[in-house]
Q: 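Questions regarding the structure given below will be posed in turn.
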Amino acid sequence: MVNPNAGWKEIPWGGKIVEAGNAREYETGSWRAQQPVVDQETCINCLECWVFCPDVSIDVKDGEMVGFHLRFCKGCGICASICPVEAITMVAEAEAEGS
Amino acid sequence: MATALKLKELYKKEDRLTPGHRLCAGCAAPIIVRQILTAIDEPVVLANATGCLEVSTTIYPYTAWDVPWIHTAFETAASTISGVETMYRSLVKQGKIEDRGIKFVAFGGDGGTYDIGIQALSGMMERGHKALYVCYNNEAYMNTGIQRSGATPLGAWTTTSPVGRVIPGKPRPRKDLTAIAAAHDIPYAAQAAPHKWRDLMKKVRKAVAANGASFMNVLSSCNRGWRHETDQTIEVTRLAVETCYWPLYEVEDGEWKLTYRPKEKLPIEEFLKPQGRFRHLFSEENKHIIGQLQTGVDRKWRKLLERCGEEE
C-alpha cells in the first residue's frame with residue numbers, strides 16, 4: 001500500500017489507488033457503541049441480515065449465518081431490526097466485552 | 001446462467017464493495033450498491049460522481065472497490081461512463097480487445113443527479129450509451145452537511161431550508177426525475193428501494209440487459225439528514241413505499257408498469273413520523289403542509305396508476 005506520508009514523486013500518477021479493495025485493511029469496528037449478538041437456536045438462516053448489512057459484516061458459511069465480522073461492524077443495528085425471528089439483539093459494547 | 005436471485009446463492013459471490021469503507025453506520029448507500037453489484041454477474045466498470053459514496057469509499061490510500069472504478073466530478077458521472085462505454089465499443093470494433101460483456105454503471109447522489117449532473121445524464125440518455133445510471137437518492141446534499149437539493153421534499157428541514165419564522169422547511173416540492181428520465185424514451189427506467197431487494201435486483205438485470213441507456217432512481221435513507229435511528233434505515237424506505245411516497249415501478253420501452261402495489265395505502269404521516277426532518281410539520285401552524293404533501297402524493301399516485309393501466 002502507498003505510504004500516506006509519501007512525497008509526490010513516490011505516489012502513483014493521478015493519486016490513483018492501485019490495490020483494489022484494500023479498504024479491507026481498514027478497521028471500522030472501533031466506531032461501534034453497541035454490538036449485535038445472534039441466538040443461533042432462533043436463527044432460521046434466511047440471510048436477510050446479509051443482504052441488508054451496510055458493512056458486509058455478516059459471516060455466512062455453507063449457507064448458515066454464523067456470526068459477525070466485528071472488525072468492520074459499526075453497530076448500526078439494522079440486522080437486529082430487520083430479523084424476521086428476532087434472533088439478533090444489540091448489547092452495549094462495554095457489556096459485550098465484559099462477557 | 002445468471003445466479004438465481006436467492007440469498008443462499010447470492011452470498012457466495014465475491015464482494016465488489018468491501019468492508020472497511022467509511023460511510024456512516026446505518027447508511028443505505030452501501031446496501032444499495034451491494035445489491036446492485038451482486039445482481040450483475042458480468043464484469044463491471046463504474047464511474048462515481050463526487051458525493052458521500054465516492055468520498056467515504058476512497059479515503060486515500062484506501063479503496064473499498066474491488067472492481068474498476070473512476071471518480072469523476074459532481075456533474076460528470078454520466079459523461080465519464082459514456083466515454084468509457086464508447087471507447088470500449090470502439091476498441092472491440094477495431095479488434096484491439098475482446099468483448100467480455102462488460103457492464104457500465106454510474107453512481108451519483110441526488111445532488112449529482114437531480115441538480116448538478118442532469119445535463120450530462122440527459123446527454124447520456126439521448127445519445128443512447130449502453131450504460132446504467134443509478135441515482136442513490138437521499139434527498140439532500142448529505143456529504144456537505146444536509147443542504148436542500150432538487151430531490152428534497154416539500155416541508156423537509158435541511159440546513160439551507162431551515163425551520164423558523166420565515167419558512168417551515170423547504171417551500172417547494174421535489175422534482176420527478178424518474179419521469180424526466182422516462183421522457184427521454186430510453187429502453188429502461190425504474191424506481192426502486194433497498195427493502196425490496198429482489199425487486200431492485202430484477203430491475204438492475206433488466207437495466208444492464210437493455211439495448212441502450214438505462215436509469216434507476218433508488219431511495220436511500222440517510223439517518224444523519226433524515227434524523228432517524230441508525231437501525232430504521234430499511235423500515236423507513238418500506239414506509240416510503242407503503243405510503244406511495246416512493247412508488248416502485250418501471251418503464252420498459254415506453255410501457256409503464258407498477259412492480260409493487262401496497263395492499264393498503266398508508267397515510268403520509270406514517271412515513272413522516274419517524275423522521276426528525278419532518279418533526280415541525282406536526283405542530284398546529286404547520287399541519288396544513290402535511291395536507292399538501294398528502295395531496296401531492298395522491299395526485300402523483302393516481303397519475304401513475306393511470307399510466308400503468310391500473311384501476312384506482
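Protein chains get the first letters and strands the later ones, always in sequence-line order, with residue 1 at the start of each.
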Q: Using heavy-atom distances under 4.5 Å, tell me whether B:Thr57 contacts chain A through its side chain, its backbone, both, or neither.
A: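 Interface part for B:Thr57: neither.
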Q: Does any backbone or side-chain atom of A:Phe72 lie under 4.5 Å from a heavy atom of chain B? Answer side chain, backbone, both or neither.
A: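 Contact with chain B: side chain only.
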Q: Under a 4.5 Å heavy-atom cut-off, does chain B meet the side chain of A:Trp31, its backbone, both or neither?
A: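 A:Trp31 touches chain B through side-chain heavy atoms alone.
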Q: Is B:Arg22 close to chain A through its backbone or its side chain, or both, or neither, when contacts mean heavy atoms under 4.5 Å?
A: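 Both backbone and side chain.
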Q: Inspect the contact between B:Glu270 and B:Lys273 and indicate whether a charged nitrogen and a carboxylate oxygen are less than 4.0 angstrom apart.
A: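 Answer for the salt bridge query: yes.
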Q: If you count heavy-atom pairs within less than 4.5 Å of chain A, which of B:Thr18, B:Thr63, B:Leu7 leads?
A: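 Maximum pair count with chain A is reached by B:Thr63.
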Q: Please check: side-chain N/O of B:Lys203 versus main-chain N/O of B:Ala190, any donor-acceptor pairing under 3.5 Å?
A: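 No; zero donor-acceptor contacts below 3.5 Å.
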Q: With only heavy atoms counted, which part of A:Asn45 is less than 4.5 Å from chain B, the side chain, the backbone, both or neither?
A: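 Interface part for A:Asn45: both.
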Q: Does any N or O in the side chain of B:Lys103 come within less than 3.5 Å of the main-chain N or O of B:Val45, such that one atom is a donor and the other an acceptor?
A: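 No, because the side chain of B:Lys103 does not come within donor-acceptor range (under 3.5 Å) of the backbone of B:Val45.
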Q: Top residue by heavy-atom pair count (under 4.5 Å) with chain A, among B:His71, B:Lys12, B:His195?
A: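 Ranked by contacts with chain A, first place is B:His195.
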Q: Can you tell me which portion of A:Cys79 sits under 4.5 Å from chain B's heavy atoms? Options are side chain, backbone, both or neither.
A: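 For A:Cys79, no heavy atom lies under 4.5 Å from chain B.
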Q: Does any backbone or side-chain atom of B:Ile32 lie under 4.5 Å from a heavy atom of chain A? Answer side chain, backbone, both or neither.
A: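 Nothing of B:Ile32, per the 4.5 Å heavy-atom cut-off to chain A.
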Q: Find the one option among A:Asp55, A:Val60, A:Val51 whose heavy-atom pairs under 4.5 Å with chain B are most numerous.
A: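 Heavy-atom pairs under 4.5 Å are most numerous for A:Val51.
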Q: Among B:Glu235, B:Arg16, B:Gln35, B:Glu229, which residue has the highest count of heavy-atom pairs closer than 4.5 Å to chain A?
A: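 Most heavy-atom pairs within the cutoff with chain A belong to B:Gln35.
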Q: Strictly distance-based, threshold 3.5 Å: is any side-chain N or O of B:Thr233 a donor or acceptor partner for the main-chain N or O of B:Gly26?
A: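 Yes, the answer is positive, given that a donor and an acceptor are paired below the 3.5 Å cut-off.
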Q: For chain B, which candidate among A:Ile17, A:Thr28, A:Val2 shows the most heavy-atom pairs at distances under 4.5 Å?
A: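 So the answer, after comparing A:Ile17, A:Thr28, A:Val2, is A:Ile17.
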Q: Should A:Glu27 and A:Arg71 count as an ion pair when the cut-off is N to O under 4.0 Å?
A: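 Salt bridge flag = yes for A:Arg71 with A:Glu27.
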Q: I want to know whether B:Phe104 and B:Tyr88 have ring centres closer than 6.0 Å.
A: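 Under 6.0 Å, so yes.
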Q: Out of A:Pro54, A:Cys53, A:Ala80, A:Ser81, which one racks up the most heavy-atom pairs below 4.5 Å with chain B?
A: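 Looking at each of A:Pro54, A:Cys53, A:Ala80, A:Ser81 in turn, A:Pro54 comes out on top.
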Q: Do B:Thr80 and B:Asn48 have side chains that approach each other closer than 4.5 Å (heavy atoms only, starting at C-beta)?
A: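 A side-chain contact is absent here, since even the closest heavy-atom pair is not under 4.5 Å.
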Q: Using 4.0 Å as the upper bound for N to carboxylate O, is an ion pair formed by B:Glu139 and B:Arg277?
A: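 Yes.
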Q: I'd like to know which of A:Glu19, A:Glu25, A:Met1 tops the heavy-atom pair count under 4.5 Å against chain B.
A: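 Maximum pair count with chain B is reached by A:Met1.
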Q: What are the two closest non-hydrogen atoms of B:Tyr141 and B:Ser149, and how far apart are they?
A: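 Closest approach of B:Tyr141 to B:Ser149, heavy atoms only: CE1-CB, 3.3 Å.
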